Peer 1: 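Mind having a look at this structure? Questions to follow.
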Amino acid sequence: MITNASRPTAGSGPEASVSLSFDDNRLLPFLYGEHDRHLARIEHQLGVSIGSRGNTVTLSGNAESVAMAQGILESLWQKLLRGAEIGPGEIDAAIRMSLNMPEPAPRPPAGAPARPAVNGTGAPGELAIRTRRRTVEPRSPRQATYVEALQRYRMVFGIGPAGTGKTYLAVAQAVSALVSGAVERIILSRPAVEAGERLGFLPGDMKDKVDPYLRPLYDALHDMLPADQVAKRMESGEIEVAPLAFMRGRTLAHSFVILDEAQNTTAMQMKMFLTRLGEGSRMVITGDTSQIDLPRGTVSGLKEAMRILDGVDGISFIHFQHGDVVRDELVARIVRAYDESDREIPNADV
């Protein structure tokens, strides 16, 4: 339980001071971080002064920033009380969520429920995806919008730079839907396009040849399910990982279908894939239009789909930006630098 008392700083209207008390000393080291590193990170990012003494934390500074810091610490404390782990990633996520107002939820398709059915635990209004190995929560306002779209829409496009969680969250939602019985199987697909390299002849059977392209999807699956369950479900056909070329001629019913790296589909491949949607199925298409590896002059199926399907009822487009990168802070700076370079020297349209 958290108690707090606040008072304005004398002589300065916009300044404030808040004291927070936490009643479980066993959890304090996880909240504060080693050598108070978590508190220092919040202090640095929000420009507030944070002092800790025993189980009491005092926040002072700009009233708005103090309120943000208070909200961050209270939300982190609630996570600890629920048994969640708190590390640098969770600290950064809480700061990111506080600094950006959540986007409005996408317009629901005709006949959709007013609110999504949230799979997971947490405070009211908190979006979370529960899988066998972990509970996955959004780490940016746009991720929250994306998760809500995944739970509302039958078809969702997640578009943006690497590190924004597009594929990871989609796989988490797919696993959650499978274990809850909402769908009967998961189908994960990618176009087998080389990223500017020439791999040449690859030994082995078809699975051996295409597995390198699909490895990121396997990695996400193993984060959500124990390895033995992944293997068992793949053997039974409940989970299928296949290159895009294997989708032709199929109708995918009662399935959660994900197409990753969709920027490397041709226009014909994209149309073929989208029209595989069957009864009781959901589709998620993810990609980054700044990393197209198709031959020069080939139109990206993702770009064409964005143009043709924009505004179609029942389809949601979520566009991520470099500010949504949730990997290492350096990755966000790299993505930002490349975005700025692209604006200065635009690439030829593909």
Side-chain angles (χ1 to χ4, degrees), residues 1-4 18-43 45-46 50 52-57 59 68-99 102 115-141 143-148 150-151 165 168-182 219-230 233 326-328:
M1 181 177 180
I2 302 175
T3 59
N4 70 80
V18 175
S19 293
L20 305 175
S21 297
F22 305 93
D23 58 2
D24 190 339
N25 291 334
R26 297 172 303 169
L27 298 178
L28 288 179
F30 303 103
L31 180 67
Y32 294 178
E34 187 178 3
H35 304 301
D36 289 355
R37 287 178 181 173
H38 294 168
L39 299 182
R41 190 160 187 82
I42 297 171
E43 186 177 52
Q45 293 290 329
L46 298 184
I50 302 180
S52 63
R53 185 170 184 178
N55 69 336
T56 300
V57 174
L59 314 172
M68 287 184 182
Q70 178 180 351
I72 289 171
L73 288 172
E74 289 177 346
S75 68
L76 292 172
W77 185 252
Q78 291 302 316
K79 289 180 185 293
L80 288 171
L81 291 177
R82 297 198 304 268
E85 296 182 357
I86 299 297
E90 285 69 32
I91 302 299
D92 289 344
I95 294 171
R96 192 181 300 111
M97 295 290 281
S98 71
L99 290 175
R115 297 293 301 168
V118 178
N119 298 309
T121 60
E126 181 180 20
L127 293 171
I129 305 171
R130 171 176 287 179
T131 68
R132 288 287 168 83
R133 294 195 64 181
R134 63 183 59 197
T135 296
V136 181
E137 297 180 356
R139 292 192 169 191
S140 76
Q143 277 198 357
T145 304
Y146 182 56
V147 170
E148 188 167 355
L150 292 175
Q151 296 172 348
Y168 192 82
L169 289 171
V171 173
Q173 185 63 35
V175 170
S176 178
L178 180 65
V179 298
S180 69
D219 292 343
L221 276 175
H222 282 88
D223 265 4
M224 309 302 166
L225 289 170
D228 60 334
Q229 284 200 28
V230 173
R233 291 176 185 270
V326 295
R327 291 181 187 169
D328 189 277

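Predicted, not measured: the structure shown is a model, and the values here were computed from it. All values below come from the heavy atoms of this structure, side chains included, with hydrogens, waters and symmetry mates left out. For this chain, numbers begin at 1 and follow the sequence in order.
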Peer 1: If you define the side chain from C-beta out and look only at heavy atoms, does anything of Gln173 sit under 4.5 Å from Leu169?
Peer 2: no

Peer 1: Quick one: closest heavy-atom pair of Gly165 and Tyr146, and the distance?
Peer 2: O-CE2, 4.1 Å

Peer 1: Should Phe22 and Leu27 count as side-chain neighbours, where that means a heavy-atom distance under 4.5 Å?
Peer 2: no

Peer 1: To the nearest 0.5 Å, what is the distance between NE2 (His222) and CZ (Arg133)?
Peer 2: 8.5 Å

Peer 1: Rounded to the nearest 0.5 Å, what separation is found between the NE2 atom of His38 and the CD1 atom of Ile50?
Peer 2: 12.0 Å

Peer 1: Which atom pair, heavy atoms only, marks the closest approach of Ala128 to Thr135?
Peer 2: CB-CG2, 3.8 Å

Peer 1: Kindly compute the distance separating CG (Leu80) from CD1 (Ile86), expressed to the nearest 0.5 Å.
Peer 2: 4.5 Å

Peer 1: Whether Asp92 and Arg41 form a salt bridge (side-chain N of Lys/Arg under 4.0 Å from carboxylate O of Asp/Glu) is what I want to check.
Peer 2: yes

Peer 1: Any side-chain heavy atom of Leu225 within less than 4.5 Å of one from Thr131?
Peer 2: no

Peer 1: Taking atom CD1 of Ile91 and atom CG of Leu76, what is their separation to the nearest 0.5 Å?
Peer 2: 4.5 Å

Peer 1: Output yes when Glu90 and Arg139 qualify as a salt bridge under the 4.0 Å nitrogen-oxygen rule, no when they do not.
Peer 2: yes

Peer 1: Report the distance from atom CD1 of Ile72 to atom CG of Leu39, rounding to the nearest 0.5 Å.
Peer 2: 11.0 Å

Peer 1: When you look at Trp77 and Leu28, which way does the side chain to side chain contact (heavy atoms under 4.5 Å, CB included) test go after all the steps?
Peer 2: CA-CA 9 Å; Trp77 185 252; Leu28 288 179; 4.1 Å; yes

Peer 1: I want to check something: taking the side chain as every heavy atom from C-beta on, are Leu221 and Val171 in contact at a cut-off of under 4.5 Å?
Peer 2: yes

Peer 1: Decide yes or no for Tyr168 and Asp223: does some side-chain heavy atom of the first lie under 4.5 Å from some side-chain heavy atom of the second?
Peer 2: yes

Peer 1: In the structure I gave you, are the side-chain heavy atoms of Leu31 and Leu73 within less than 4.5 Å of one another anywhere?
Peer 2: yes

Peer 1: Do Val179 and Arg233 have side chains that get closer than 4.5 Å, going by heavy atoms?
Peer 2: yes

Peer 1: Is there side-chain contact between Ile129 and Met224, with at least one heavy-atom pair below 4.5 Å?
Peer 2: no

Peer 1: What's the shortest heavy-atom distance between Arg132 and Pro226, and which atoms?
Peer 2: CB-CD, 4.0 Å

